[in-house]
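Okay, so here's the structure we're looking at.
As a basis for the values below, the full set of heavy atoms in this structure was taken, side chains included, without hydrogen atoms, waters or symmetry mates. Each ligand, and each atom within it, is numbered from 1 in the order the structure gives. In this text the structure is predicted, and so the values were computed from the model without any measurement.
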Amino acid sequence: MFPRDFAWGAGTAAYQIEGGWQADGKGASIWDTFTHEGGRVFGEQNGDEACRSYELWDEDLKCIETLGLTHYRLSLSWARLLPDGNTRHVNQKGVEYYNKVIDDLLACNVSPMVTLYHFDLPQALQDQGGWKSAGTATLFDSYAKFCFHTFGGRVKLWITINEPYVCAKLGHEDGTHAPGLKEPGTAAYLVGHNMLRAHAMAWHSYDSLYRAQQEGAVSLAINSDWLEPLNAGCAEDIAATERLLAFTLGWFAWPVFVTGDYPEVMRSAIDAQSEKSGYSSRLPSFSKDEPAILGTADFFALNYYTSRKVKQGGGCGEKLCMKSDRDAGEVLDPSWPICGVSWLAVVPQGLRKLLKYIKNNFNNPAVYVTENGFSQVGRLQTEDVQRAEFYKDTIAEVAKALQEDEVNVRGYFAWSLLDNFEWADGFSVRFGLYHVDFADAKRKRTIYRSGREYAKIISKNRCGQS
Ligand code: GBH
């Protein structure tokens with residue numbers, strides 16, 4: 001069914017699980033600031049302690065071993081390693097922590113996939129303008145080089161930035177994620193631009209300084225829903241779907257995989273709106289004097305959760321905003337169950353379609369599904385039958401993508417290893433293969449039925465091979 005070397009993983013992110021927000025010299029990140037401001041997160045919760053993985057890593061390792069994962073995706077906390085965001089001051093305790101995590105994984109035959117940036121910018125850099133500032137890309141490159149140098153002998157799969165879309169839009173357009181800026185129609189494009197520049201600089205650094213020796217692969221994780229026109233025969237809906245895809249998947253994948261620049265439909269839509277409001281274009285251009293963006297991904301890292309139908313329309317009145325630029329509205333198909341968090345319509349077959357789309361539009365890259373999952377809200381159910389079915393169904397779609405559509409899928413990472421701090425939803429939304437008891441000082445981890453199901457799928461596919 002699955003190739004012998006297929007990666008079976010699960011993922012986490014530093015701020016969502018580690019806790020220890022001030023332990024051993026860690027600097028503050030924008031999520032520390034954002035959650036402590038109040039009024040931002042469900043129940044005024046924060047990640048000060050979260051799953052306490054900073055102290056309880058051994059417990060996480062047990063979970064990883066029980067599941068039989070071949071890969072574990074974790075992120076590094078930039079401010080734990082470099083409290084001020086720059087390499088002038090290195091927090092040795094932070095280095096030791098991640099050294100232990102990586103060494104323990106390798107000792108258990110589990111390959112780490114390491115994300116350098118999962119939403120948690122050092123606050124010190126936010127104070128200097130954050131991702132709106134061009135200089136943050138250069139500082140990211142230094143941080144990346146520090147990590148390649150320190151851990152790259154042992155880490156062969158790197159993700160520079162997780163979901164630049166979410167950082168840009170939720171953090172700077174909607175203001176629902178840190179740093180909580182609401183500057184619709186402008187800041188998000190600038191932030192996305194600097195993140196692409198940062199990613200490209202780091203990829204080029206790896207390529208020229210580390211690749212020959214370390215022989216790893218570097219990409220960025222792009223999140224996208226699968227989108228289809230609401231009315232398949234309606235030209236407006238078809239155009240709206242194409243536009244929305246350009247503003248989500250295309251925003252980051254097109255520059256990196258196809259042309260080195262933003263999708264034409266995205267630029268022309270933004271320019272048209274800008275003209276109407278007397279603005280010059282709000283979508284920056286890449287400079288020829290900087291490292292090229294095109295070709296800066298050694299594989300495609302896809303975070304897929306859900307699907308949408310699309311129709312023309314939507315906007316925010318006279319004001320500038322991304323919604324008006326897109327002029328595309330999202331609709332849920334009534335046949336898709338919504339389980340848990342409100343945005344997550346369960347559509348496993350959307351993943352197969354998206355994988356095929358990626359194969360056809362981005363030059364048949366090697367693909368890792370770096371996140372995919374299903375959430376639970378309300379009463380705790382450790383016998384989470386629906387989620388167990390979801391994993392079975394979704395992995396069956398990945399198998400079809402591999403066999404029938406011949407997509408070069410190399411791995412699948414469930415989100416998440418543990419129930420954790422689910423950003424603005426705090427601990428009210430549970431994505432784990434393991435339940436975490438946040439009322440317990442020891443943060444007891446208990447496997448869900450879905451975790452057992454995933455372990456079964458993994459073992460069947462690893463042992464059934466000749
Ligand atoms: C992932 O993003 C994150 O990488 C991960 O850290 C997180 O735990 C996981 O999702 C589960 O949420 O509230 O209507 O504005 C997934 C992509 C894109 C999904 C933005 C939620 C917000 C919809 N996310 N989307 S809305």
| note | Arg452 meets the side chain to side chain contact (heavy atoms under 4.5 Å, CB included) criterion, sequence neighbours left out, with Glu383, Ile447, Arg449
| Relative to the ring of Phe362, is the ring of Tyr357 parallel (under 30°), tilted (30 to 60°) or perpendicular (over 60°)? | perpendicular
| query | How about Asp298 and Ser219: does a side-chain donor come under 3.5 Å of a side-chain acceptor? | reply | no
Distance dump, ligand 1 polar atoms to protein, N/O, under 3.5 Å:
unit_1: ligand 1; atom_1: 2 (O); unit_2: Glu163; atom_2: OE1; d: 2.7
unit_1: ligand 1; atom_1: 2 (O); unit_2: Glu163; atom_2: OE2; d: 2.9
unit_1: ligand 1; atom_1: 4 (O); unit_2: His118; atom_2: NE2; d: 3.3
unit_1: ligand 1; atom_1: 4 (O); unit_2: Asn162; atom_2: ND2; d: 3.1
unit_1: ligand 1; atom_1: 4 (O); unit_2: Glu163; atom_2: OE1; d: 3.1
unit_1: ligand 1; atom_1: 4 (O); unit_2: Glu163; atom_2: OE2; d: 3.2
unit_1: ligand 1; atom_1: 4 (O); unit_2: Glu371; atom_2: OE1; d: 3.0
unit_1: ligand 1; atom_1: 4 (O); unit_2: Glu371; atom_2: OE2; d: 3.0
unit_1: ligand 1; atom_1: 6 (O); unit_2: Gln16; atom_2: OE1; d: 2.9
unit_1: ligand 1; atom_1: 6 (O); unit_2: His118; atom_2: NE2; d: 2.8
unit_1: ligand 1; atom_1: 6 (O); unit_2: Trp423; atom_2: NE1; d: 2.8
unit_1: ligand 1; atom_1: 8 (O); unit_2: Gln16; atom_2: NE2; d: 3.0
unit_1: ligand 1; atom_1: 8 (O); unit_2: Trp415; atom_2: NE1; d: 2.9
unit_1: ligand 1; atom_1: 8 (O); unit_2: Glu422; atom_2: OE1; d: 2.7
unit_1: ligand 1; atom_1: 12 (O); unit_2: Glu422; atom_2: OE2; d: 2.4

| query | Are side-chain N/O atoms of Tyr97 and Asp24 paired as donor and acceptor at under 3.5 Å? | reply | no
| Is there any side-chain hydrogen bond (donor to acceptor under 3.5 Å, both in side chains) pair reaching into residues 338-355, and which pairs are they, with sequence neighbours excluded? | Glu228-Lys353, Arg352-Glu404, Arg352-Asp405
Please report, to 0.1 Å, the donor-acceptor pairs under 3.5 Å made by any side chain of residues 115-124, with sequence neighbours excluded.
unit_1: Thr115; atom_1: OG1; unit_2: Arg73; atom_2: NE; d: 3.1
unit_1: Thr115; atom_1: OG1; unit_2: Arg73; atom_2: NH2; d: 3.2
unit_1: Tyr117; atom_1: OH; unit_2: Leu121; atom_2: N; d: 3.2
unit_1: Tyr117; atom_1: OH; unit_2: Trp131; atom_2: NE1; d: 3.1
unit_1: His118; atom_1: ND1; unit_2: Asn162; atom_2: ND2; d: 3.4
unit_1: His118; atom_1: NE2; unit_2: Asn162; atom_2: ND2; d: 3.0
unit_1: Gln123; atom_1: OE1; unit_2: Thr33; atom_2: OG1; d: 2.7
unit_1: Gln123; atom_1: NE2; unit_2: Asp127; atom_2: OD1; d: 2.8

